[in-house]
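What follows is a short report on a single structure.
In what follows, chains carry the letters A, B, and so on, assigned in the order in which the sequence lines appear, proteins first and then strands, with residues in each chain numbered from 1.
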Number of protein chains: 2
Amino acid sequence: MALRHAVLAALLVGDGSDAGDTGGDSGGRGEYSGYQLAKAFDIGVANFWHALPQQLYAELAKLEKEGLVAGRQVIQETRPNKRLFRVTDAGLAELDAFAAASSKPSFIRDDLLVKVQAADSVDTGPVIEQLEERASVAEAKIELFGKVLRKMRGELDEEEFLRRGERIGPYLTCLRGLALEQENREWSMRVAAVLRERRAAHVER
Amino acid sequence: MALRHAVLAALLVGDGSDAGDTGGDSGGRGEYSGYQLAKAFDIGVANFWHALPQQLYAELAKLEKEGLVAGRQVIQETRPNKRLFRVTDAGLAELDAFAAASSKPSFIRDDLLVKVQAADSVDTGPVIEQLEERASVAEAKIELFGKVLRKMRGELDEEEFLRRGERIGPYLTCLRGLALEQENREWSMRVAAVLRERRAAHVER
DNA sequence: TCATCATAGTCAAGAAAATGACTATTCAGA
DNA sequence: TCTGAATAGTCATTTTCTTGACTATGATGA
């Protein structure tokens, strides 16, 4: 019972879609199809919540049945039809209650760290490769986040934006993603270097 | 099929136990009871792999059935009897294969980040409290990790240890945990401050 | 023209994980 | 003497996740 809140939070951000009707302010609430949501999840929310598209579709269906989101069919001619969802007032109330309740400790699971933990007992060759691969993926994400952040804050500088901007939630979580990936890159590169040196020393010996 | 590798990696570290027999080198492999493993997981492995005690017991039983770990009964008079497990050669081979295979992308899930993402639409009061709570928990972990790292490297300084120390895997993962918690603390404090300021501005308005 | 990508989903089986309760014993402290 | 914490586990139910399919259409590129 927790993916639901991530979905609600992601839906709230709204916009970023190419959905025709920009008319009618819905109280800062956006509209997404399951498909769009899946993509938004991938780049934004994935920094703190991982989920597969199938889960999102299933969760949206459940949320609709419970009245926390409202869906409407959009018939398209050039594309398959889709259903757009927006958060209802009940959904907003649910999110508010969630925010007030105590948080579960954060949950992490990382194969690569397990491999590093076992580095003294296994062949480090492939592990080094994976660390370098990860560092370069992190690098790419860092650039992406930089762009996303610049776009979100527009003309304002960061301090200014955080003080007066409307809708800073996604900005703050994106900052976290950025810091995480920077840390990820630093650590991966350092560990790769350490393991490489030790391999070299081992061969010479 | 992945918790198993985290368990194997954790078992390899070994030692830290008060088990009587320190005689007989087992090739750098330690021995743990399920109970001890659960505690070791909590402080060490939990930085990159979260698991409940029940899962560990279940996984140890499976691993034993498959011959990847070997258990032996230890009869105790002052305490309930226990079973100690050590990784077998087959277990080591399994870990090695795992290390060589490609890694799944890391998996993260964090309630508090979901709340921050929704910060523009919910009451931020409780969220601020939770952020501050998290910062202080992170602070405590930072100190703990500092101690653990100092203990692991002994007399040597870090560079020296990473070059010549035996068993650096757990050290490297602990470094990661440290960096993660530092980042966690910085971010939590900053976000709490930003949200506080905005609340204040909102009231004045 | 054929292949493949992007859009927009749905379904079902099986593995894994979370939850919550339950059994025992010993030791320390109120 | 009673309570509660630490040690050392086990069991069963439910929920959640993962895996791997399958259905369509339109646009893009070779």
Side-chain angles (χ1 to χ4, degrees), chain A residues 1-7 16-20 31-43 46 49-66 69 71-85 102-109 111 114, chain B residues 1-7 16-20 31-43 45-46 49-66 69 71-85 102-109 111:
Chain A
M1 305 291 224
L3 169 60
R4 57 195 316 101
H5 301 116
V7 169
S17 76
D18 49 352
E31 244 185 345
Y32 277 105
S33 69
Y35 191 81
Q36 291 172 313
L37 186 63
K39 292 182 74 181
F41 239 75
D42 240 36
I43 60 155
W49 203 278
H50 159 86
L52 297 167
Q54 296 96 315
Q55 286 175 264
L56 300 183
Y57 283 117
E59 198 62 46
L60 281 171
K62 264 198 253 173
L63 286 168
E64 193 184 19
K65 211 167 55 189
E66 291 171 43
V69 306
R72 65 183 177 98
Q73 182 99 16
V74 172
I75 286 128
Q76 297 183 119
E77 272 152 47
T78 64
R79 297 261 153 218
N81 295 342
K82 63 182 174 182
R83 307 204 63 214
L84 293 183
F85 296 90
S102 79
S103 302
K104 287 194 199 173
S106 78
F107 181 105
I108 196 168
R109 216 158 257 192
D111 273 17
V114 173
Chain B
M1 302 295 223
L3 169 60
R4 59 195 317 104
H5 302 115
V7 168
S17 76
D18 50 352
E31 243 183 346
Y32 277 105
S33 68
Y35 190 82
Q36 291 172 311
L37 187 62
K39 293 183 72 179
F41 238 75
D42 241 34
I43 60 156
V45 183
W49 203 279
H50 161 85
L52 298 165
Q54 296 97 312
Q55 285 174 266
L56 299 182
Y57 284 117
E59 197 63 47
L60 281 170
K62 264 198 255 172
L63 286 167
E64 192 183 19
K65 210 166 57 189
E66 291 170 44
V69 307
R72 66 185 179 94
Q73 182 98 17
V74 173
I75 285 127
Q76 296 182 120
E77 273 152 46
T78 63
R79 296 265 154 214
N81 295 341
K82 62 181 173 182
R83 307 205 64 213
L84 293 183
F85 296 91
S102 77
S103 302
K104 286 194 202 172
S106 78
F107 182 103
I108 197 167
R109 217 156 258 196
D111 273 16

Rounded to the nearest 0.5 Å, how far apart are [atom1] of [X] and [atom2] of [Y]?
X        : Y        : atom1 : atom2 : answer
Leu84(B) : Tyr32(B) : CG    : OH    : 11.0 Å
Lys82(A) : Gln76(A) : NZ    : CD    : 4.5 Å
Arg4(B)  : Leu60(B) : CZ    : CG    : 11.0 Å
Leu3(A)  : Lys62(A) : CG    : NZ    : 8.0 Å

For nucleotides 9-12 of chain D, list the nitrogen or oxygen atoms of the protein found under 3.5 Å from its nitrogen or oxygen atoms, one pair per line.
from   : atom 1 : to       : atom 2 : distance (Å)
dG9(D) : OP1    : Arg83(B) : N      : 3.1
dG9(D) : OP2    : Ser33(B) : OG     : 3.3
dG9(D) : OP2    : Gly34(B) : N      : 3.4
dG9(D) : O5'    : Tyr57(B) : OH     : 3.1

Self-check item: Note, Lys104(A) side chain near Arg109(B) side chain (heavy atom, < 4.5 Å)
Solution: no
Exercise. May I ask you to test the His5(B)-Asp111(A) pair for a side-chain heavy-atom distance under 4.5 Å?
Key: no
Gap between atoms [atom1] and [atom2], on [X] and [N] respectively (whole Å):
X         : N       : atom1 : atom2 : answer
His5(A)   : dT16(D) : NE2   : C1'   : 15 Å
Leu56(B)  : dT7(D)  : CG    : P     : 15 Å
Phe107(A) : dC17(D) : CZ    : C1'   : 11 Å
Glu59(B)  : dA16(C) : CD    : P     : 8 Å
Leu52(A)  : dT10(C) : CG    : C1'   : 15 Å
Tyr32(A)  : dA8(C)  : OH    : C1'   : 16 Å
Arg72(A)  : dA8(C)  : CZ    : P     : 13 Å
Asp42(B)  : dT7(D)  : CG    : P     : 12 Å

Exercise. Would you confirm whether Tyr57(A), through its side chain, and Tyr35(A), through its main-chain N or O, come within 3.5 Å as a donor-acceptor pair?
Key: yes
Would one find a side-chain N or O of [X] under 4.0 angstrom from OP1 or OP2 of [N]?
X         : N       : value
Lys62(A)  : dT15(D) : no
His50(B)  : dA17(C) : no
Arg109(A) : dA17(C) : yes
Lys39(B)  : dT7(D)  : yes

Quiz prompt | Given dA8(C), dT19(D), dC17(D), the nucleotide with the shortest approach to the side chain of Gln76(A) | solution = dA8(C)
Exercise. Determine the contact category for Gln55(B): base if any of its heavy atoms lies under 4.0 Å from a base atom, sugar-phosphate if only primed atoms, P, OP1 or OP2 are that close, otherwise nothing.
Key: sugar-phosphate
